[in-house]
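The block underneath contains the structure these notes are about, expressed in structure tokens.
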4 protein chains.
Amino acid sequence: MFQLDLKSRKSIYEQIVDKIKELILTEVLTPNEKLPSVRELSKTLTVNPNTILKSYRELEKDGYVYTIGGSGCFVAEKKDRNTDKWKLEELKHRIQNDIMELQYLGLQPDEITGLIKQFIEKGVFYHD
Amino acid sequence: MFQLDLKSRKSIYEQIVDKIKELILTEVLTPNEKLPSVRELSKTLTVNPNTILKSYRELEKDGYVYTIGGSGCFVAEKKDRNTDKWKLEELKHRIQNDIMELQYLGLQPDEITGLIKQFIEKGVFYHD
Amino acid sequence: MFQLDLKSRKSIYEQIVDKIKELILTEVLTPNEKLPSVRELSKTLTVNPNTILKSYRELEKDGYVYTIGGSGCFVAEKKDRNTDKWKLEELKHRIQNDIMELQYLGLQPDEITGLIKQFIEKGVFYHD
Amino acid sequence: MFQLDLKSRKSIYEQIVDKIKELILTEVLTPNEKLPSVRELSKTLTVNPNTILKSYRELEKDGYVYTIGGSGCFVAEKKDRNTDKWKLEELKHRIQNDIMELQYLGLQPDEITGLIKQFIEKGVFYHD
DNA sequence: GTGGTCTAGACCACT
DNA sequence: GTGGTCTAGACCACA
């Protein structure tokens, strides 16, 4: 499914959250698809089950997945995701800072916009 | 100078790093300008001096400021900043994820590129 | 593991960094080996945990060790170490000065080269 | 005479000590030659006179210079220098560590000995 | 005055 | 258990 970098400074549960988010955002995982069970994923990643659990809780909190007691964890429909307005602003702000840092490191405006276009194309959320 | 959000999940020293970085990137703080002394800033933010110190050293590590013992901490010249290649990749990757998340939250491609263009214009790093 | 010299002009955390570096360089500590925990080492050296922590972070910054939150601090693989070019120059320069000082104290050229050869042989970094 | 790097982490007085030591070791400054006066040097380097004074004291302590009250500071004869045995050992130990670090950074044995030979040739202490 | 080191001890997050 | 953050406050070296 994906790989962890144990030596990274990012905590493991956070890496898992990010990776799964990414898989959902790139629609590798599609709505209502079942995620691997906690136990299963904990084995394949050789990670403590509690860590997986925490990741799933985090994803659920943000509305990326929903849990059905006793049967598992599933990718949520888009409409069910939390579009917290405050979170959107935070996101924009972070992107702004990162863009500034890119400029700072010497990237030219057209390089940046080129980069962004690539990124946008990788997202595939325009067929509904 | 700026304010902290004690409720934030970000640690205090990290907030300080980010805020000062932002001030440098937006050229509110200009090269060779002196930062507030550790003790001074610690008073205005009502934060322990050690916490401020930690922030300053972090900024120094990334080449944003330089320190002259006994005389203070100063904004570094652009050319002295660390343009760590690995850091650049990390930055791009983070932007990519954030862009995807923006799309996910419903922003259309042209809205995003418009946003980015605004951000780029706010950066003022093209006069040298 | 080793001993500190409290009377030294070198700061404690710096002594710890140097000693551990030495242990790694002489391969007494081998890649992926676990270092003593912060608290543990702080007890055996009767030094404050924060001081140990600082040493570990310094070593991490230079790529000698890596840290896995919640599980410990480990000796890094050779390839992961930072071979900062600037650091290399600094190192050479320091050796040059020290060599001159040796001469000054009366050592003859062949004595010095002899010494150096011994030192080189003690290093064991040629088996990969 | 020489230049300081104010942005360096080395303290100013220490930089001065090292530079003057270097000038003496390379015999740019010869025995019994007069060093610039404290005031004079403090002006040319735009540094606080106390800082210069401290440097001179340090050099005197190590036997590199001697002071004649009211008339100035002079380069000492070789024989008057402190050849503190303990200091010699410390010096060797530091060189050993630095050599190991050089190896560690990938320099081959012959590269290192070549380097050392260059360094030795720069010293010119064999004509007496 | 400046930054930097160190201690003691509390509290948090991750595994 | 692990590392990491933060505080309060002492003390040092440098300019």
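Below, chain A is the first sequence line, B the second, and so on; all start at residue 1. In this text, all values refer to a predicted model and were calculated from it rather than measured experimentally.
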Whole-Å distance separating the [atom1] atom of [X] from the [atom2] atom of [N]:
X	N	atom1	atom2	result
L45(A)	dT15(E)	CG	P	12 Å
K43(B)	dG9(F)	NZ	P	13 Å
Y13(B)	dC11(E)	OH	C1'	17 Å
I16(C)	dT5(E)	CD1	C1'	12 Å
K7(A)	dG3(F)	NZ	C1'	18 Å
I52(B)	dA8(F)	CD1	C1'	15 Å
L53(C)	dA10(E)	CG	P	18 Å
L35(B)	dG3(E)	CG	C1'	13 Å

Closest approach to the side chain of [X], judged atom by atom: which nucleotide of [options] is it?
X	options	answer
S37(B)	dA15(F), dT2(E), dT5(F)	dT2(E)
S11(B)	dT7(E), dT5(F), dT7(F)	dT5(F)
I12(D)	dG3(E), dA15(F), dT5(F)	dA15(F)
N48(B)	dA8(F), dC6(E), dG3(F)	dA8(F)

Under-4.0 Å side-chain N/O to phosphate OP1/OP2 contact, [X] with [N]:
X	N	result
T67(C)	dT2(F)	no
T51(B)	dC6(F)	no
R9(C)	dC12(F)	no
R57(B)	dG3(E)	no
R39(B)	dA8(F)	no
S71(B)	dG1(E)	no
K54(C)	dT5(E)	yes

For a salt bridge (Lys or Arg N to Asp or Glu O under 4.0 Å) with E101(D), tell me which candidate from K92(C), K21(C), R94(C) qualifies.
-> K21(C)

Taking for K10(D) and for I68(C) the nucleotide of DNA chain F with the nearest heavy atom, the one nearer the 5' end belongs to I68(C)

So which one's nearest nucleotide on DNA chain F is more toward 5', G70(C) or N50(B)?
-> G70(C)

When you look at N32(B) and Y66(B), which way does the side-chain hydrogen bond (donor to acceptor under 3.5 Å, both in side chains) test go after all the steps?
-> CA-CA 9 Å; N32(B) 298 309; Y66(B) 60 93; 2.7 Å; yes

Any strand is fair game: report the nucleotide pairing with dC14(F) by Watson-Crick or G-U wobble, both distances under 3.5 Å, or none.
-> dG1(E)

Report the residue (G69(C) or E60(B)) whose heavy-atom-nearest nucleotide on DNA chain E is the more 5′ of the two.
-> E60(B)

Contact class for V47(C) vs. all strands (heavy atom < 4.0 Å): base, sugar-phosphate, or nothing?
-> sugar-phosphate

Can you name the side-chain hydrogen bond (donor to acceptor under 3.5 Å, both in side chains) partners of D62(C), sequence neighbours left out?
-> none

Tell me which donor-acceptor pairs under 3.5 Å the side chains of residues 3-10 of chain C have, and how far apart each pair is, sequence neighbours excluded?
from   : atom 1 : to     : atom 2 : distance (Å)
D5(C)  : OD1    : K7(C)  : N      : 3.0
D5(C)  : OD1    : S8(C)  : N      : 3.4
S8(C)  : OG     : K10(C) : N      : 2.8
K10(C) : NZ     : D18(C) : OD2    : 2.8

Donor-acceptor side-chain pairing of E14(A) and S11(A) below 3.5 angstrom | yes

Any side-chain donor paired with an acceptor under 3.5 Å for T30(C) and E27(C)?
-> no

